S.K.: 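Before we start, here is the structure in question, set down as structure tokens.
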There are 2 protein chains.
Amino acid sequence: MTVTQVAKSKPGSVPDCSDEARQPLPDGRDRYTISEVAAFTGLSAHTLRWYERIGLMPHVDRSHTGQRRFTNRDLDWLAFVGKLRLTGMPVADMVRYAELVRLGEHTFSDRQELLESTRRDVLRRIGELRDTLAVLDHKIDTYADARRASERA
Amino acid sequence: MTVTQVAKSKPGSVPDCSDEARQPLPDGRDRYTISEVAAFTGLSAHTLRWYERIGLMPHVDRSHTGQRRFTNRDLDWLAFVGKLRLTGMPVADMVRYAELVRLGEHTFSDRQELLESTRRDVLRRIGELRDTLAVLDHKIDTYADARRASERA
DNA sequence: GCCTTGCCTGGAGTGCACTCCAGGGTTTTA
DNA sequence: TAAAACCCTGGAGTGCACTCCAGGCAAGGC
């Protein structure tokens with residue numbers, strides 16, 4: 001099939017997840033190879049295997065020869081994990097959430113709490129970013145003013 | 001003087017910068033020891049030295065015996081760096097900005113560009129976080145509904 | 001049949017942003 | 001004037017989240 005291996009988002013900065021070349025879902029099916037999922041999610045195949053190893057994925061189905069076959073449910077889960085990743089939640093905490101899901105319905109309240117605390121973090125971070133935006137705008141204005149002044153001179 | 005060494009923000013997650021015990025500025029002075037600055041900024045003394053080593057700080061003034069003496073200007077700079085850090089900007093890029101500042105006024109347009117691109121990143125991240133918030137709210141509602149239903153049963 | 005491409009595993013390596021250590025000098029407090 | 005607390009440097013160590021490697025199996029095209 002040959003789907004070109006994922007465009008790596010520059011490794012330094014905060015996880016990106018808005019990569020250009022996100023492939024559309026190969027329609028109607030429910031069994032995807034690892035490279036298809038990589039192309040769709042923007043994660044590398046390495047990362048997908050690693051997610052499974054550390055327990056961040058429910059164990060993925062295999063073909064009769066042992067190759068991974070991801071389902072639409074897996075893709076939904078990965079999309080949600082992507083959102084959590086955007087919040088800056090550490091992978092260990094996501095694994096904890098995944099464990100709660102595995103444990104079944106009696107962990108609903110724990111999961112709810114975890115998500116609510118995440119929600120609070122997100123609100124705080126949005127606030128911080130807004131403050132930062134104000135500072136940036138102020139500094140940008142300063143530079144723009146200075147340049148206008150020097151052009152007039 | 002003995003200012004207790006900085007409360008380290010949990011190392012895993014995204015930089016925090018909203019630590020509880022931020023000390024107020026020791027008023028009116030213009031020469032602060034490294035531990036005073038650490039208490040004030042929430043950065044560790046190690047990190048402050050490291051910032052200087054990698055060129056993220058203009059070279060800091062010294063006492064006659066070689067100990068660092070930070071000024072109010074340094075504190076302003078650190079506050080700004082803190083904002084940039086919140087955007088998720090890699091340290092290497094901040095160093096680049098610091099270099100531009102060192103190079104003088106003819107780098108105004110470069111600096112402005114750099115800040116504008118950062119500004120765009122911040123806007124994008126705010127958008128992502130808002131999307132994430134919607135997903136979280138939806139999931140939290142799901143759990144809350146499920147729990148209400150099971151209580152009624 | 002053979003070549004290319006894709007996938008598998010366990011484990012080692014990488015890059016970033018700190019964080020700590022050893023071994024020593026300095027300043028403040030009692 | 002001691003003890004305690006603080007600060008210095010260069011370099012090594014840490015934790016996180018990947019990222020890559022070696023060595024090998026499997027499937028499709030020619």
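Every chain is numbered from 1 and lettered A, B, ... according to where its sequence line falls, protein lines coming before strand lines. Here the structure is a predicted model, which means the values were calculated and not measured.
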S.K.: Assuming nearest nucleotide by heavy-atom distance, tell me which of T47(A) and T65(A) is located more 5' along DNA chain D.
M.R.: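 Closest to the 5' end, via its nearest nucleotide, is T47(A).
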S.K.: If the threshold is 4.0 Å, N to carboxylate O, is there a salt bridge linking R120(A) and E116(A)?
M.R.: no
S.K.: When you measure from the side-chain N and O atoms of Y51(B) to the phosphate of dA17(C), is any distance below 4.0 Å, counting only OP1 and OP2?
M.R.: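 Checking dA17(C) against Y51(B), no side-chain N or O comes under 4.0 Å of OP1 or OP2.
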S.K.: Whole angstrom is fine here: how far is it from CD1 in I54(B) over to P in dG15(C)?
M.R.: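 So the two atoms are 17 Å apart, to the nearest Å.
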S.K.: Using atom CZ of R69(B) as one end and atom P of dC8(D) as the other, report the distance to the nearest whole Å.
M.R.: 8 Å
S.K.: Of the options dC18(D), dT27(C), dC21(C), whose atoms approach the side-chain atoms of H64(B) most closely?
M.R.: dT27(C)
S.K.: Which nucleotide in the list dC7(D), dC18(D), dC18(C) gets nearest to the side chain of T33(B)?
M.R.: dC7(D)
S.K.: Sort out for me which residue in D61(B), T71(B), N72(B) forms a side-chain contact (heavy atoms from CB on, under 4.5 Å) with R31(B).
M.R.: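 With R31(B) as partner, D61(B), T71(B), N72(B) yield a single side-chain contact (heavy atoms from CB on, under 4.5 Å), made by D61(B).
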S.K.: Quick one: which of dG11(D), dA17(D), dA17(C) gets closest to the side chain of W50(A)?
M.R.: dA17(D)
S.K.: Distance check needed: dT5(C) C1' versus E36(A) CD, whole Å only.
M.R.: 14 Å
S.K.: Ring centres under 6.0 Å, that's the criterion: do F40(B) and F70(B) meet it?
M.R.: no
S.K.: Report the residue (R68(B) or Q67(A)) whose heavy-atom-nearest nucleotide on DNA chain D is the more 5′ of the two.
M.R.: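 The residue closer to the strand's 5' end, by nearest nucleotide, is R68(B).
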S.K.: Tell me: CD1 of I34(A) to P of dG6(C), nearest whole Å?
M.R.: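 One finds 13 Å between P of dG6(C) and CD1 of I34(A), rounded.
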S.K.: Check this for me, if you would: do D76(A) and R73(A) make a salt bridge, where the nitrogen-to-carboxylate-oxygen distance has to be below 4.0 angstrom?
M.R.: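 Salt bridge flag = no for R73(A) with D76(A).
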S.K.: Check this for me: does the side-chain of R49(A) come within 3.5 Å of the base of dG10(C) through a donor and an acceptor?
M.R.: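 Between dG10(C) and R49(A), which were checked side chain against base, a qualifying N/O pair under 3.5 Å is absent.
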S.K.: State whether R62(B) places a side-chain N or O below 4.0 Å from either non-bridging phosphate oxygen (OP1 or OP2) of dT26(C).
M.R.: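 No, because none of the side-chain N or O atoms of R62(B) sits under 4.0 Å from OP1 or OP2 of dT26(C).
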